[in-house]
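Lettering of chains follows the sequences in order, A, B, ..., and the numbering in each one begins at 1.
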Amino acid sequence: DQQVKQNSPSLSVQEGRISILNCDYTNSMFDYFLWYKKYPAEGPTFLISISSIKDKNEDGRFTVFLNKSAKHLSLHIVPSQPGDSAVYFCAASAGGTYKYIFGTGTRLKVLA
Amino acid sequence: NAGVTQTPKFRVLKTGQSMTLLCAQDMNHEYMYWYRQDPGMGLRLIHYSVGEGTTAKGEVPDGYNVSRLKKQNFLLGLESAAPSQTSVYFCASSVGSGTQYFGPGTRLLVL
């Protein structure tokens with residue numbers, strides 16, 4: 001049973017436009033969410049996080065939105081740049097635990 | 001700071017062979033983790049440790065053992081490798097339940 005789902009395996013976006021990556025979860029106990037970016041042959045690197053007490057968190061070009069009632073979060077990248085081309089994973093945890101459940105990832109390709 | 005390093009980067013094993021993957025971190029993090037990543041799947045937690053001398057099972061622990069004899073090192077052992085253990089293995093560390101910092105990965109092929 002996949003508790004964290006990223007239903008879009010891939011996404012292509014033109015440079016300068018907005019990229020929207022989606023993540024759905026089923027466990028209502030999840031209260032902390034992370035996004036990681038992963039380049040080929042490298043480990044995932046932390047991008048941005050959000051706690052369930054917020055519905056939005058922004059860091060430069062990256063914004064994460066959380067809709068608790070829909071059990072949905074999204075990562076917006078504006079403007080998208082070719083260097084953003086990578087696989088993006090969302091991850092969730094419950095109750096301050098350190099055990100994160102990861103989604104399957106979305107491969108973003110930003111076209112120059 | 002090197003962050004999180006993993007040794008080796010790539011290894012080929014025959015079925016039944018054993019090996020140990022080494023993870024080292026220089027950030028003085030208490031928590032360390034081993035994950036595996038397979039095509040079409042997210043990272044799945046194998047084992048983790050919340051401090052020196054402690055280990056615990058994650059989602060997919062079968063066929064693996066771990067040891068945390070020193071705070072900075074976390075070892076993942078495969079006693080008798082199977083083709084199903086062909087994967088990319090990532091180590092991570094964190095301060096408590098915060099952001100996890102990942103190593104570059106070890107690609108393992110079991111024939």
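Closest approach of B/Phe90 and A/Lys38 over heavy atoms only: CZ-CE, 3.4 Å.
For residues 41-59 of chain A, a heavy-atom distance under 4.5 Å to chain B picks out A/Ala41, A/Glu42, A/Gly43, A/Pro44, A/Phe46, given by residue number. Taking non-hydrogen atoms and a 4.5 Å limit, the residue list of residues 102-111 of chain B in contact with chain A, ordered by number, reads B/Phe102, B/Gly103, B/Pro104.
Residues A/Phe62 and A/Val64 share a single hydrophobic cluster, defined by chaining ILVMFWY side chains whose heavy atoms lie under 4.5 Å apart. With hydrophobic clusters built from ILVMFWY side chains whose heavy atoms lie under 4.5 angstrom apart, B/Val88 shares a cluster with A/Tyr100. There is no path of hydrophobic side-chain contacts, each under 4.5 Å, that joins B/Val66 to B/Tyr33. Taken together through direct or relayed side-chain contacts under 4.5 Å among Ile, Leu, Val, Met, Phe, Trp and Tyr, A/Phe65 and A/Leu34 form parts of separate hydrophobic clusters. Linking ILVMFWY residues whenever their side-chain heavy atoms come closer than 4.5 Å, directly or via other members, leaves B/Tyr48 and B/Leu76 in distinct clusters.
Residues B/Tyr35 and A/Phe102 form a side-chain contact, since some pair of their non-hydrogen atoms from C-beta on lies under 4.5 Å apart.
The environment of B/Glu59 atom CD is dense: over 12 non-hydrogen atoms of other residues, nucleotides or ligands sit within 6.0 angstrom. In the displayed structure, A/Arg61 atom CZ is contacted under 6.0 Å by more than 12 heavy atoms of other residues, nucleotides or ligands. Within 6.0 Å of atom OH in B/Tyr101, 12 or fewer heavy atoms from other residues, nucleotides or ligands are found, so the atom counts as exposed in its surroundings.
With a 4.5 Å cut-off on non-hydrogen atoms, B/Val4 does not touch chain A at all. Proximity to chain A involves both the backbone and the side chain of B/Leu43, based on heavy atoms less than 4.5 angstrom apart.
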Can you list, pair by pair, the side-chain donor-acceptor contacts under 3.5 Å of residues 7-16 of chain A, counting residues two or more places apart and other chains?
none

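Through side-chain heavy atoms spaced under 4.5 Å, either directly or across other Ile, Leu, Val, Met, Phe, Trp or Tyr residues, A/Ile20 is tied to A/Ile18, A/Val78.
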